[in-house]
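Okay, so here's the structure we're looking at.
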Amino acid sequence: MGSVALSPEMKIYELIDAAPILLSLFSRLDIHLPFGDISIAEMCRRDGYNTQLFMMLCAMHIDSRYRPSQEEMTEDMLPEVIAYLRASHRYYAERMLPHTARHLEEVLSHCDDLSERVLRRFYDDYAHYIKSHFEEEEREIFTLMERGGERDANFALFDMPHADIDDRSNDIASLIVKSLPESAPTSLRCDMLKDVYELRDDLRRHSNIETYVLRPLVVKYLKQR
Amino acid sequence: MKHISIAIVEPSPIILEGVASIVSHSPSLRVAGAVATLGELQAIMRNTEVDVVVAAVGLVRDIEGVAELQSLPIIGMQSAIVDAAMLRRFTAVATLYTSEEELHRMIIDAADMPAEHNYAESHELSERERDVLVLVARGLTNKEIASELNISPHTVISHRKNIVHKTGIRSVAGLTVYAVLNKFIDSERL
């Protein structure tokens with residue numbers, strides 16, 4: 001996956017074929033299909049996206065170790081990054097978290113009352129924690145920047161929640177793999193686990209974009225103000 | 001001076017040659033064999049003494065089935081993103097970005113590691129760890145747990161580290177669910 005070479009001339013269908021993981025990026029950006037034969041640059045022009053930023057987001061989805069350089073990032077990308085992150089927050093709240101919850105309910109319907117109760121509460125707390133964290137970010141950083149950044153954004157505030165969310169995602173996976181009573185059928189358990197791992201990895205990419213794209217852009221913006 | 005004898009097992013020829021070359025730069029290390037499969041590694045180990053194995057992390061499950069490897073320190077060679085739980089099974093983990101000096105140091109340190117550091121490690125909680133887990137689940141602080149069990153807070157921290165390592169669960173909420181699902185505690189006592 002890390003070996004996909006991106007260029008503005010690359011056709012969108014080639015891009016998706018090389019890295020199907022990007023479908024979730026298209027979905028949250030609400031980019032219209034079909035793509036026909038258009039290239040990355042043509043699609044970005046059509047839909048009003050910054051090509052450089054779009055390729056940066058693709059690269060960070062394909063290889064989670066990819067870190068964009070300072071030179072790649074320009075201040076004018078900030079509103080678009082914020083719009084992407086807001087869309088991503090909605091995607092988790094409206095799509096991924098409810099989808100995972102549905103699979104969890106299927107698993108829980110095969111469990112005893114006590115397991116059902118504690119696991120549902122754990123997942124509900126987890127989903128609630130993620131959503132409150134998003135709301136706080138939107139309030140403390142996104143809205144602040146959209147209004148012209150009248151004061152410094154406190155990013156350090158979010159380091160701990162990012163680590164916490166990652167821990168809790170791993171915890172759910174460990175509990176389902178190791179401790180869920182045998183009564184839950186393996187196929188349902190696997191569906192649920194696929195969701196949990198997908199959610200965990202996606203949240204990691206999201207957090208990387210906030211740390212390695214949003215944060216330096218905000219710092220740049222505040223310096224030049 | 002006795003050399004530390006290294007065997008390398010790695011399906012990628014580029015990584016295999018790279019690790020072998022780096023290891024051979026150290027005067028205290030000697031490459032006993034550099035092979036692509038565990039079968040070939042076993043053949044080498046029948047004829048040559050091996051002190052430390054460097055193995056592709058992806059081979060972790062197959063390694064568990066090879067009896068000769070259970071008593072040896074093994075350094076995992078990580079070249080792709082894998083679950084952290086897989087990495088815990090290795091004595092140490094090197095990546096494509098590990099420097100020559102770091103890799104030498106890792107191998108030399110691994111040669112002195114007790115073998116029980118490896119796969120045979122039990123993931124079952126000890127009785128004391130269960131006691132600590134139950135009190136964590138009931139929301140007690142380290143200090144309160146120390147006082148309840150009549151042990152030092154430092155010992156509580158050490159038990160908690162082991163609990164996290166063995167269960168793979170970090171959050172207090174997750175540990176509570178673990179304690180309930182494993183029937184160490186009933187929900188009425190929460």
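Every heavy atom of this structure was used, including side-chain atoms; hydrogens, water molecules and symmetry mates were not.
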Count the heavy atoms of every other residue, nucleotide or ligand shown that sit under 6.0 Å from [atom1] of [X], and state whether that count exceeds 12.
X: A:His128; atom1: NE2; result: no
X: A:Arg215; atom1: CZ; result: yes
X: A:Asp113; atom1: CG; result: no
X: A:Arg67; atom1: CZ; result: yes

>> Taking the side chain as everything from C-beta on, heavy atoms only, tell me whether B:Leu181 gets closer than 4.5 Å to A:Leu119.
In response: yes

>> Measuring from atom CG of A:Leu114 to atom NZ of B:Lys183, what distance do you get when rounded to the nearest 0.5 angstrom?
In response: 7.0 Å

> Nearest 0.5 Å, what's the CZ-CD1 distance between A:Arg168 and B:Ile169?
Replying inline: 13.0 Å

> What are the residues of residues 187-207 of chain A, in order of number, with any heavy atom under 4.5 angstrom from a heavy atom of chain B?
Replying inline: A:Tyr197, A:Arg200

> Taking only residues at least two apart or on different chains, which pairs with a member in residues 35-63 of chain B satisfy salt bridge (Lys or Arg N to Asp or Glu O under 4.0 Å)?
Replying inline: B:Lys2-B:Asp51

> Looking only at heavy atoms, which two atoms of B:Gly168 and A:Ser174 are closest? And how far apart?
Replying inline: O-OG, 3.1 Å

> For B:Ser171 and A:Asp171, does a side-chain donor sit closer than 3.5 Å to a side-chain acceptor?
Replying inline: yes

